[in-house]
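Below is one structure; the comments refer to it alone.
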2 protein chains.
Amino acid sequence: MKRNTWQREAVREALDDTEGFISAQALHSSLHATGSPIGLATVYRALGDLASSGEADSLQSPDGEALYRACSTTGHHHHLICRNCGLTVEIAADEVEAWAKGIAAEHGFTQAAHVVDVFGLCANCTALADAR
Amino acid sequence: MKRNTWQREAVREALDDTEGFISAQALHSSLHATGSPIGLATVYRALGDLASSGEADSLQSPDGEALYRACSTTGHHHHLICRNCGLTVEIAADEVEAWAKGIAAEHGFTQAAHVVDVFGLCANCTALADAR
DNA sequence: ACGCTTATTGATAATGATTGTCAAAACCAT
DNA sequence: ATGGTTTTGACAATCATTATCAATAAGCGT
């Protein structure tokens with residue numbers, strides 16, 4: 001097991017290898033599962049750094065957890081996220097872009113940014129849930 | 001079934017008296033400041049009830065707190081929020097509803113919920129910002 | 001390579017928001 | 001008032017996140 005001094009790199013890689021959004025806790029567990037001795041505090045530190053340097057996106061799940069994801073595209077886009085397994089589909093949302101901009105302007109707002117994320121259960125998790 | 005809950009009324013009124021979004025904790029403090037002996041647990045319960053019955057909206061602040069707001073319309077709707085002064089405009093978003101549902105279905109997702117909020121600077125704050 | 005200085009790490013404690021517990025108080029129909 | 005049900009609120013428990021801090025590793029000039 002290689003002991004990489006810069007554990008931040010390990011976190012970045014783990015994020016890259018992750019399909020969708022993942023919580024800091026889950027990422028930590030995941031790293032441990034692959035044999036990394038990384039500490040929870042370091043995972044949080046690394047995620048915070050990555051997020052503030054724009055190398056990762058972060059969002060708040062509906063139940064208050066912070067979720068992170070390495071987003072390949074630097075451009076603006078939105079997400080369709082499985083609230084069970086974290087699977088994430090990136091979606092272009094021109095329609096919504098236009099709508100948001102229009103609504104903002106209509107009410108005299110400028111510098112409009114928007115949070116548009118859709119949470120649901122992916123096909124797989126829906127099946128699992130039904131089986132329960 | 002109408003429950004006889006005077007606390008819920010107190011919470012509802014306190015919410016009504018509040019301009020923008022407020023945290024459960026802050027609302028509790030605010031109630032205490034006006035002499036109400038209401039307990040923190042009850043505030044959370046009342047807010048939860050109001051939120052699930054559609055009488056209040058909730059969203060997650062960037063730092064993970066849950067914020068609440070009394071909404072005038074009971075139906076599903078979204079918000080246009082001034083990131084400077086907190087002014088909030090409620091917006092109907094049928095277009096977005098349909099889009100979200102469509103996108104979800106298209107990718108096999110079920111039980112779709114969505115977070116759609118637009119942040120910007122209201123006309124007033126834009127003027128102030130320009131003046132600087 | 002060696003010693004010295006500084007930055008990074010990670011176990012654990014601390015924090016802060018939220019939720020659970022449960023006995024006491026309030027309410028209601030008799 | 002009385003018994004049974006519901007609501008309340010002090011406090012404990014929980015969960016994610018952040019701060020602490022001693023141990024360790026990386027840098028660096030020699």
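Order of the sequence lines fixes the chain letters, A, B, ..., with proteins taken first and strands second; residue numbering starts at 1 for each chain. We use all heavy atoms of the structure for the numbers below, so side chains are in, but hydrogens, waters and symmetry mates are not. Keep in mind that this is a model prediction, so the values were computed, not measured.
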### Query
Phosphate oxygens OP1/OP2 of C/dT9: is one of them under 4.0 Å from a side-chain N or O of A/Thr42?
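A/Thr42 to C/dT9 OP1/OP2: no side-chain N or O under 4.0 Å.
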
Nearest-Å distance, [atom1] ([X]) to [atom2] ([N])?
| X | N | atom1 | atom2 | value |
| --- | --- | --- | --- | --- |
| A/Leu31 | C/dG10 | CG | P | 10 Å |
| B/Ile38 | C/dA26 | CD1 | P | 15 Å |
| B/His28 | D/dA10 | NE2 | C1' | 10 Å |
| A/Leu27 | D/dT17 | CG | P | 12 Å |

Protein-nucleotides 16-19 of chain C N/O pairs under 3.5 Å:
residue, atom, partner, partner atom, Å
C/dT18, OP1, B/Ala66, N, 2.7
C/dT18, OP2, B/Tyr44, OH, 2.6
C/dT18, O5', B/Tyr44, OH, 3.3

### Message
Between A/Phe21 and A/His79, is the ring centroid distance below 6.0 Å?
### Response
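They qualify: ring centres under 6.0 Å apart.
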
### Query
Which atom names give the shortest non-hydrogen contact between A/Ala10 and A/Leu31, and what distance separates them?
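The pair with the smallest heavy-atom distance is O-CD2, 4.2 Å.
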
### Query
According to the interplanar angle, ranging from 0 to 90°, do the rings of A/His78 and A/His114 count as parallel (below 30°), tilted (30 to 60°) or perpendicular (above 60°)?
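The arrangement is tilted - the two ring planes meet at 30° to 60°.
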
### Query
Quick check: does any side chain N or O of A/Ser52 sit under 3.5 Å from a backbone N or O of A/Gly48, one acting as donor and the other as acceptor?
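Answer holds: yes.
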
#### Entry: Exam field: side chain B/Thr126 to backbone B/Cys122, donor-acceptor pair closer than 3.5 Å
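Looks like yes, one N/O pair under 3.5 Å.
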
### Task
Could you list all the ring pair (Phe, Tyr, Trp, His ring centres under 6.0 Å) pairs where at least one residue sits in residues 27-48 of chain B, not counting sequence neighbours?
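Listed by first then second residue: B/His28-B/His32.
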
Quick one: pull up [atom1] in [X] and [atom2] in [Y] and give me the separation to the nearest 0.5 Å.
| X | Y | atom1 | atom2 | answer |
| --- | --- | --- | --- | --- |
| B/Leu50 | B/Asp57 | CG | CG | 11.0 Å |
| B/Leu59 | B/Asp117 | CG | CG | 5.5 Å |
| A/Tyr68 | A/Leu47 | OH | CG | 5.5 Å |

Using the 3.5 Å cut-off, write out each protein N or O paired with an N or O of nucleotides 22-24 of chain C and the distance between them.
none

### Task
Using the test salt bridge (charged side-chain N to carboxylate O under 4.0 Å, His left out), find all partners of B/Asp16 that sit at least two apart in sequence or belong to another chain.
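None.
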
### Message
At 10 degrees resolution, what angle do the end axes of the helix from C/dA1-D/dT30 to C/dT30-D/dA1 form when each is taken over five base pairs?
### Response
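Rounded value for the end-axis angle: 30°.
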
For a quick test of your reading: what N or O donor-acceptor pairs under 3.5 Å do the side chains of residues 86-94 of chain B make, sequence neighbours left out?
residue, atom, partner, partner atom, Å
B/Thr88, OG1, B/Gly86, O, 3.0
B/Glu90, OE1, B/Ser72, OG, 3.2
B/Glu90, OE1, B/Thr73, OG1, 3.2
B/Glu90, OE1, B/His77, NE2, 3.4
B/Glu90, OE2, B/Arg69, NH1, 3.2
B/Glu90, OE2, B/Ser72, N, 3.3

